[in-house]
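A quick note: this is a predicted structure, and the numbers were derived from the prediction, not measured. This chain uses plain numbering: 1 for the first residue, then up along the sequence.
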Amino acid sequence: MPQYTRRGFLEAGLGTAAIGSIAGCSSDADQTTIVIGGSYIPESIDPVTHGGGPLGRIGVYESLFRVTRDVGIEPQLADEWYVSPDGTTWTIGIRDGVQFHDGTSLTSEAVAFSLSRAFDEASLLSPLPVESISATDTHEVVITTSERFAPLPSYLAHRYATVISQSSISDSDGFVEPVGTGPYMFDSWESGKSITATKNSDYYGSSPQVDRVVYEGIRDNQTKVSSLDAGESDIVVSLPVSAMERISRAEDTRTQTTRTPQSRFLAYNVREPPFDDLRVRQAVNHAIDTQTIARTILEGVGDPAIGPFSPELTGWANDELEPYEYSPDRARSLLAEAGWTLEADGDELRHRDGTPFDVVLRTYTRRPELRIIATAIQNQLRAVGINVEINITEWSALSEDMQAGETDFSLLSFNFFWVPDPDRAMSFYHSEDTQIYTGYEDSEVDDLIERGRRTTDDDERKRIYDRVQEIVHDDTPLGILTYSETVTGIRNRIEDFTLHPTMYSHGVQNIRLH
């Protein structure tokens, strides 16, 4: 694999301040090092091409705002902000006394440079109604939008909106090095494998106690467990539930479970038979025993879901929603109403107009538990007369087929608060602005989502999103199955570590070693 290491700062024209920061690092023999294993494979270090995730989590990158543990936002590199009465001009004050890792000062010019690039190039940000970003003085940035856009600060907390030094970009080579403002400085990167960072002794906040952190991408569950067992990793995120008991009983390791905004759900293709019929979608919801899935397959780590938002995690959930009761009899009744009947005594498979009820359930390899859940769904739907074939592929292929409308239904797992605002999750139900194509279209839902973006009063936004959740709960283009909890394995020498619910940060700067 290609390996990328810190380039010479003098060659890059970054000055002696940066050289001094490197020279001050301890030798490997003197350093305290921790290793974190996670499912995200580091295939980029550029924040606008998905490279901001692990680098942000280990403290190299920072943004104007950060995500709180209750999935809200608070200022990070910003120190104040306000919006004009017409809701289209955002004035953001920049924290004073912050330096980039190359020794240059954080200024509004650097912020405007980073954000302009992000809103031009990042797939999540470029569609947003941002018209201009300008530095009005040394520590103030003004962002103008073409219309009211209430969730803008939440999008500015996303890793795509990371603030980087202009020295990160070369006119001839494009993005060349991650130069951020965080408590750790980029050291090296092996594409598809690992990222290493070292302590930033000049950090404006509390100085980290750990000198060096290595993030390793580990997708295979058994490899994750073995890495923790062998002492190769100090923290391993997203362990299989089946490993919890053994890790907890071991002398030098423990586990931690964290409720996350990740939800598992079925995405129906509502444009094509059989799932163009609401009664069929509702029948499937009634036929799936989410309690048993949560209790047995997930071994109690994760709960049956009602709507897209977990009420335990965020105040945006509609508390009035009633769950789809597990009722095979109700499922059979709805299927019969939709014309799907058993043709003869003893016939186990339903037919309509001579066509058997055969469907393909698609899922993907990245999340191993989905394969097991898919099998449970296959068995439960067979009990009401639906024959399900399971097709497991890579996410890229599944996503492409969904966008083309070439799937029956799919089993997915998504973080509904990838942006810490309900706007992104609600957009899954928008007829045009959605990354999960189901073919669902409802003019009231579209209007409500657009109103939610323009409304700055949180109480009014709550009423708007409650109504969206009510409509889509009944229409069920997405059949929400379970909320997720993440299992983390931790070596006992690690103290003061608690996984962030959205994994926005691993809080390395707060970790102490026992």
Side-chain angles (χ1 to χ4, degrees), residues 1 37-54 57 122-125 127 158-160 191-193 215-224 237-240 260-270 275 293 297-298 302 305 308 359-378 388-419 424-425 427-430 433-440 477-484 486 502-503:
M1 293 182 180
S39 298
Y40 189 93
I41 307 301
E43 296 173 345
S44 170
I45 49 177
D46 184 348
V48 302
T49 57
H50 299 284
R57 289 169 187 165
S123 58
L124 177 71
L125 302 180
H158 193 275
R159 291 302 181 194
Y160 283 140
S191 179
K193 186 176 181 182
Y215 174 90
E216 292 192 341
I218 309 172
R219 190 161 287 167
D220 178 72
N221 276 339
Q222 187 53 53
T223 304
K224 288 180 182 178
V237 182
S238 299
L239 284 169
T260 74
Q262 194 90 13
S263 295
R264 303 178 187 92
F265 58 93
L266 294 172
Y268 299 105
N269 182 349
V270 305
F275 296 119
I293 289 172
I297 295 174
L298 302 177
V359 287
V360 177
L361 175 60
R362 300 282 299 276
T363 192
Y364 53 109
T365 58
R366 185 180 299 173
R367 298 188 177 275
E369 80 277 6
L370 295 182
R371 180 193 302 263
I372 307 171
I373 294 172
T375 300
I377 291 172
Q378 181 185 50
V388 177
E389 175 187 342
I390 299 172
N391 181 289
I392 302 172
T393 185
E394 296 298 319
W395 165 246
S396 58
L398 175 54
S399 177
E400 184 176 326
D401 289 346
M402 288 182 66
Q403 291 299 118
E406 296 175 355
T407 57
D408 293 329
F409 67 149
S410 304
L411 175 61
L412 310 176
S413 179
F414 260 70
N415 182 346
F416 279 112
F417 272 95
W418 196 35
V419 172
R424 190 59 186 168
S427 72
F428 283 25
Y429 299 102
H430 196 281
D433 181 21
T434 179
Q435 60 176 312
I436 300 296
Y437 178 82
T438 62
Y440 178 66
L478 304 180
I480 311 296
L481 302 176
T482 64
Y483 301 126
S484 295
T486 295
T502 70
M503 287 189 275

If you look at every heavy atom in [X] and [Y], which pair is closest and at what distance?
X	Y	answer
Ser410	Leu398	OG-CD1, 3.7 Å
Ala376	Ile297	CB-CD1, 3.5 Å
Arg57	Arg159	N-NH2, 4.2 Å
Tyr160	Pro47	CD2-O, 2.9 Å
Asn269	Gly405	ND2-O, 3.1 Å

Inset, instruction - May I ask you to check whether Thr482 and Arg264 show a side-chain donor-acceptor distance below 3.5 Å? - result: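 Arg264 and Thr482 do have a side-chain donor-acceptor pair below 3.5 Å.
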Gap separating the [atom1] atom of [X] from the [atom2] atom of [Y], nearest 0.5 angstrom:
X	Y	atom1	atom2	value
Thr365	Leu370	OG1	CG	9.5 Å
Leu478	Tyr440	CG	OH	9.5 Å
Ile390	Arg371	CD1	CZ	9.0 Å
Leu266	Leu411	CG	CG	6.0 Å
Phe417	Ser263	CZ	OG	9.5 Å
Lys193	Ile218	NZ	CD1	10.0 Å

Legend entry - Check against side-chain contact (heavy atoms from CB on, under 4.5 Å), Leu412 and Trp395: CA-CA 9 Å; Leu412 310 176; Trp395 165 246; 3.7 Å; yes
Inset, instruction - Name the orientation class of the two ring planes belonging to Phe428 and Phe416 (parallel below 30°, tilted from 30 to 60°, perpendicular beyond 60°). - result: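 Taking Phe416 first and then Phe428, their aromatic rings sit tilted (interplane angle of 30° to 60°).
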Non-hydrogen side-chain atoms of [X] and [Y] separated by less than 4.5 Å:
X	Y	value
Tyr268	Asp408	no
Ile373	Gln378	no
Val237	Thr486	yes
Pro308	Phe414	no
Thr434	Ser427	no
Thr502	Pro261	yes
Tyr215	Pro54	yes

Inset, instruction - Could you pull out all residues at least two apart from Glu216 that satisfy salt bridge (Lys or Arg N to Asp or Glu O under 4.0 Å)? - result: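 Expected list: none.
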Legend entry - Check: Phe265 ring centroid to Phe409 ring centroid under 6.0 Å: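 Aromatic pair excluded; centres sit 6.0 Å or further apart.
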Inset, instruction - List the steps, then state whether side-chain contact (heavy atoms from CB on, under 4.5 Å) holds for Ile436 with Met402. - result: CA-CA 7 Å; Ile436 300 296; Met402 288 182 66; 3.8 Å; yes
For a quick test of your reading: what N or O donor-acceptor pairs under 3.5 Å do the side chains of residues 38-45 make, sequence neighbours left out?
residue: Ser39; atom: OG; partner: Lys224; partner atom: NZ; Å: 2.5
residue: Tyr40; atom: OH; partner: His50; partner atom: O; Å: 2.4
residue: Ser44; atom: OG; partner: Asp46; partner atom: N; Å: 3.1
residue: Ser44; atom: OG; partner: Thr49; partner atom: O; Å: 3.4
residue: Ser44; atom: OG; partner: Thr49; partner atom: OG1; Å: 2.8

Legend entry - Pair Val419-Leu124, side-chain contact (heavy atoms from CB on, under 4.5 Å): steps then yes or no: CA-CA 10 Å; Val419 172; Leu124 177 71; 3.7 Å; yes
Legend entry - Sequence neighbours excluded - side chain to side chain donor-acceptor pair (under 3.5 Å) pairs with any residue from residues 398-407: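 Applying side chain to side chain donor-acceptor pair (under 3.5 Å) to every pair that reaches into residues 398-407, excluding sequence neighbours, yields Arg362-Asp401.
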Inset, instruction - I would like to know whether Ser413 and Tyr364 meet side-chain contact (heavy atoms from CB on, under 4.5 Å); could you show each step before the answer? - result: CA-CA 10 Å; Ser413 179; Tyr364 53 109; 4.0 Å; yes
